[in-house]
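Beneath this line is the structure, given in structure tokens, with notes to follow.
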Amino acid sequence: MPAPRDGGGRLTGVGWLLLAVLFAVPAYVVVVTPFALEWQALCAVVMIGAALLMRHAKSRQMLIALMVVSLLASSRYLYWRLTQTLPIGPQFDGWDLFLASGLVFAELYAYVILLFGFVQTAWPLGRKPVPLPEDESSWPTVDVFIPTYNEPLKVVRPTVLAALALDWPRDKLRIHVLDDGRREEFRAFCETVGVVHVTRADNKHAKAGNINAALKKTHGELIAIFDCDHIPTRSFLQFTVGTMMADPTVSLVQTPHHFFSPDPFERNLNTFRKVPNEGELFYGLIQDGNDFWDASFFCGSCAVLRRTALEQIGGIATETVTEDAHTSLRMHARGWTSAYINIPQAAGLATESLSAHVGQRIRWARGMAQIFRVDNPFLMKGLKAGQRICYANAMMHFFYGLPRLIFLTSPLGYLLLGADIIAAQGWMVLAYAAPHVLLATITNSRVQGRFRHSFWSEAYETVLALFILWPTLLAFINPRLGKFNVTAKGGIVNRDYFDKDIARPYYFLFLLNALGFAVGLVRFFTDAEHADTVLLNVGWTFYNLLIIGCALAVASERRQVRHSVRVRVRLPALLRRRGAQQTFEVSTLDVSDRGIALDLPEALNVEPGEPVQVVLIPQRSDVWLDGSVRRAGHGMLAMEIGEMNIEQESALVNALYGRADAWLQWRDMRAVDRPLLALREVARFGLLGGFKFTRWLGGEIVRLVSPRRQGTATQGDG
């Protein structure tokens, strides 16, 4: 009998229920049927083989089928774990059960995150911008808010100048710099360029309070918000406002947070624009998946919000330090909708150091734990089922600190303490665990391959796990604990160094796992009866060593002394000697606010120090930038940009950051995930990090011992 459908051919509620019932019976049989080792091994081979075949299919339906198979494998594994492998009985002690319970908890948590993640990303909406009406008089008025607190003016200037160039009627656009630092140089700059300098008497509620204070002083129908280092393209409003005009229930249009500078992972591991960074999974895929469920949420910047929606909920939420997601949660609960347009229309600076990166993630984790406690999406009235899952997964994700720590230490319970964490034969554990782990990896690679490479999640989480563990726990217990901290941007790293303060948890875990690995190798050759179980735990420990080593590699900060980020980009340009009439058509190789690298025409002979002028994108601009040659030769000319006036600075900002297509090609330049290659890459960084840590530790030991030896030698001479 065909499932009931409505007039549009879509399944009705009864149809979905019927399909669920029909699927539930065979799924139950697959999950609970016990097998002997040989049959379970065969089952594992069949499931893994099927997944490898299915992952190459292009259809969305086949991808969902792959998700279902993965969940069946994981459900079968967990059912077996809960019913067959817990150390319960007179031959086990309480310590065994305690450690085993911790591992089961971590596995259940990972299963829920996997399930919710599949729901989130099953069908990314891929929303396109809605064209604006031809009649500009019908377009809404827009207030642009650029909040700032302690960031230097050099970071804020490009954002303000780019906002002034937004393609929008001048009488319907007002730019506001929300200066919570109340700085005179900011006031003077705003007056010079013609934007509004907004201050308040205090800093209550940090960024949320800053925006709420500005809301009371402005009247635009829409509010566009940019962090002070997020530079918008000129087309930002053209891409976003049409959606809000077409649907008056849309409270928010969010666009991706894109970064033109490397974060600490990318800089210290040299993976910038080679491996997707930590945030690309969220902005490239998850938010697009959330949009299908009407659950895409505000991320604090690069977004347009409807004033009436904000006023209805009392403004930006102030109860938590992640005011952005909390605000959109409340708007969704009041019946407002949201939209996500997955086209980068602004770009900003990533955190420069690992310590700043960790501090930023601690704030996010604490804030999400606060929301989970204050306005739990499972309990909040007004939300739809899909919204509850998407919000809950975003919040629960940040509780990974304890589960990740458990995964990094569980095999040590067996190798070092002799605890029976999994009361089963090693080969049986492998037969059940292999399809669970491999199918999840294969499926996530198929789902996330453009935005997150396999095994990198473990590295990202390991770096942060111990740092977010206590903040999330304390925030969940008492949401009032903790305060808002501003992420530092625009700094430099003036030397190579090993950040031992940030790395302390990693090298403790590394040494502990190294000890477990060594003990495991000895046990493998001396305990023939349990060789399979020992080997399984040794392999697990070795994998943990690689992941922790990768974290140690990230903690080895690389020197970054450029005050300005060079963006590799090909732009048409004209070059001439200063004051000369003859011009040469060239193109840029990279550009920053202090210098430009250009193709060197064969007909142009210049010397270092010689004054030159360049105009970028000459078909749109006639503003010449003055500079001097730093070096020339081998087909390349590098020039240092001289002192610029506002007109010149605006021309440079708009040519480099303000183009509508400025960031569209960056994602397409990366390779799609190939799990084995990704594993090799992570392993390489893990070995490199382990080597660097061992060398650093040896140096520290020598440094501590050397003065004692010298003192002993001096006493002997006396």
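As the structure is a computational prediction, the values presented were derived from the model and not from experiment.
Looking only at atom types and distance, the side chain of Asp263 has no donor-acceptor partner in the side chain of Thr351 under 3.5 Å away. A donor-acceptor pair shorter than 3.5 Å can be found between the side chains of Ser328 and Tyr391. If you check the side chains of Asn513 and Thr541, you find no donor sitting under 3.5 Å from an acceptor. Side-chain polar atoms of His258 and Tyr283 form no donor-acceptor pair below 3.5 angstrom.
For Ser261, there are no side-chain hydrogen bond (donor to acceptor under 3.5 Å, both in side chains) partners, not counting sequence neighbours. Listed by chain and residue number, nothing satisfies the salt bridge (charged side-chain N to carboxylate O under 4.0 Å, His left out) test with Arg452 (two or more places apart in sequence, or in another chain). For Asn444, the side-chain hydrogen bond (donor to acceptor under 3.5 Å, both in side chains) criterion is met by Gln448, not counting sequence neighbours.
Taking 4.5 Å as the limit, every side-chain heavy atom of Ile286 sits out of range of all side-chain heavy atoms of Phe451. Residues Leu252 and Trp336 are not in side-chain contact: their nearest non-hydrogen atoms beyond the backbone lie 4.5 Å or more apart. Between Phe259 and Leu349, the closest side-chain pair of non-hydrogen atoms is not below 4.5 Å.
Atoms CG and CD1, from Asn537 and Ile422 in turn, are 7.5 Å apart once rounded to the nearest 0.5 Å. Here CD of Gln254 is found 12.5 Å from CD of Gln345. Values are rounded to the nearest 0.5 Å. The distance from the CG atom of Leu71 to the CZ atom of Arg76 is 15.0 Å, given to the nearest 0.5 Å. Distance CG/Asn376 to CZ/Phe476: 7.5 Å, rounded to 0.5 Å. The CG atom of Leu37 sits 9.5 Å away from atom OH of Tyr432, with the distance rounded to the nearest 0.5 Å. The CE atom of Met54 sits 5.0 Å away from atom CG of Leu66, with the distance rounded to the nearest 0.5 Å.
Between His230 and Tyr657, a ring centre-to-centre spacing not shorter than 6.0 Å is recorded. Ring centers of His357 and Phe265: under 6.0 Å apart, within the cut-off. Taking the six-membered ring for Trp and the full ring otherwise, the centers of Phe226 and Phe236 sit less than 6.0 Å from each other.
Looking only at distances, a side-chain donor or acceptor of Arg388 sits under 3.5 Å from a matching main-chain atom of Met380. Judged by distance alone, the side chain of Arg446 and the main-chain N or O of Ala57 form a donor-acceptor pair under 3.5 Å. A donor-acceptor contact shorter than 3.5 Å is absent between the side chain of Thr322 and the backbone of Ala325. A donor-acceptor pair under 3.5 Å is absent between the side-chain atoms of Arg306 and the main chain of Ser251, judged by distance alone. Between the side chain of His397 and the backbone N or O of Ile113 there is no donor-acceptor pair closer than 3.5 Å. The backbone N or O of Ala317 lies less than 3.5 Å from no partner atom in the side chain of Glu323, so there is not a single donor-acceptor pair. Using modelled atom types, one side-chain atom of Thr472 and one backbone atom of Leu469 make a donor-acceptor pair closer than 3.5 Å. Here the side chain of Ser445 pairs no donor or acceptor atom with the backbone of Thr441 at under 3.5 angstrom. Between the side chain of Arg674 and the main chain of Ser454, no donor-acceptor pair closer than 3.5 Å is present.
The pair Arg361-Glu278 counts as a salt bridge, with a side-chain nitrogen and a carboxylate oxygen less than 4.0 angstrom apart.
Considering every non-hydrogen atom in both Thr255 and Cys302, the closest pair reads OG1-O, 2.7 Å.
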Give every donor-acceptor pair under 3.5 Å between a side-chain atom in residues 675-686 and any protein atom, sequence neighbours left out.
residue: Glu681; atom: OE2; partner: Arg684; partner atom: NH2; Å: 2.9

Listed pairs under 3.5 Å, donor-acceptor, residues 287-298 side chains, sequence neighbours left out:
residue: Gln287; atom: OE1; partner: Asn290; partner atom: ND2; Å: 3.3
residue: Gln287; atom: OE1; partner: Phe297; partner atom: N; Å: 3.2
residue: Gln287; atom: NE2; partner: Phe297; partner atom: O; Å: 2.9
residue: Asp288; atom: OD1; partner: Gly126; partner atom: N; Å: 3.1
residue: Asp288; atom: OD2; partner: Asn342; partner atom: ND2; Å: 3.4
residue: Asn290; atom: OD1; partner: Gln120; partner atom: NE2; Å: 2.7
residue: Asp291; atom: OD1; partner: Arg127; partner atom: NH2; Å: 3.0
residue: Asp291; atom: OD2; partner: Arg127; partner atom: NE; Å: 2.8
residue: Asp291; atom: OD2; partner: Arg127; partner atom: NH2; Å: 3.4
residue: Asp291; atom: OD2; partner: Tyr340; partner atom: N; Å: 3.2
residue: Trp293; atom: NE1; partner: Val119; partner atom: O; Å: 2.9
residue: Asp294; atom: OD1; partner: Ser338; partner atom: N; Å: 3.0
residue: Asp294; atom: OD2; partner: Lys384; partner atom: NZ; Å: 3.2
residue: Asp294; atom: OD2; partner: Gln387; partner atom: NE2; Å: 3.4
residue: Ser296; atom: OG; partner: Ser338; partner atom: OG; Å: 3.0

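Applying the salt bridge (Lys or Arg N to Asp or Glu O under 4.0 Å) test to pairs two or more places apart or on separate chains, those with a residue in residues 328-350 are Glu319-Arg330, Arg330-Asp375.
A cation-pi arrangement, defined by a distance under 6.0 Å to the six-membered ring centre and an angle within 45 degrees of its axis, is present between Arg273 and Trp666. At least one test fails for Arg568 against the ring of Phe260: distance under 6.0 Å to the centre or angle within 45° of the axis.
For Arg570, the CZ atom sits in a packed shell: over 12 heavy atoms of surrounding residues, nucleotides or ligands are nearer than 6.0 Å. Annotation: Phe542, atom CZ; neighbour count of heavy atoms from other residues, nucleotides and ligands within 6.0 Å does not exceed 12. Counting heavy-atom neighbours within 6.0 Å of Phe378 CZ, excluding the residue itself, gives a total above 12.
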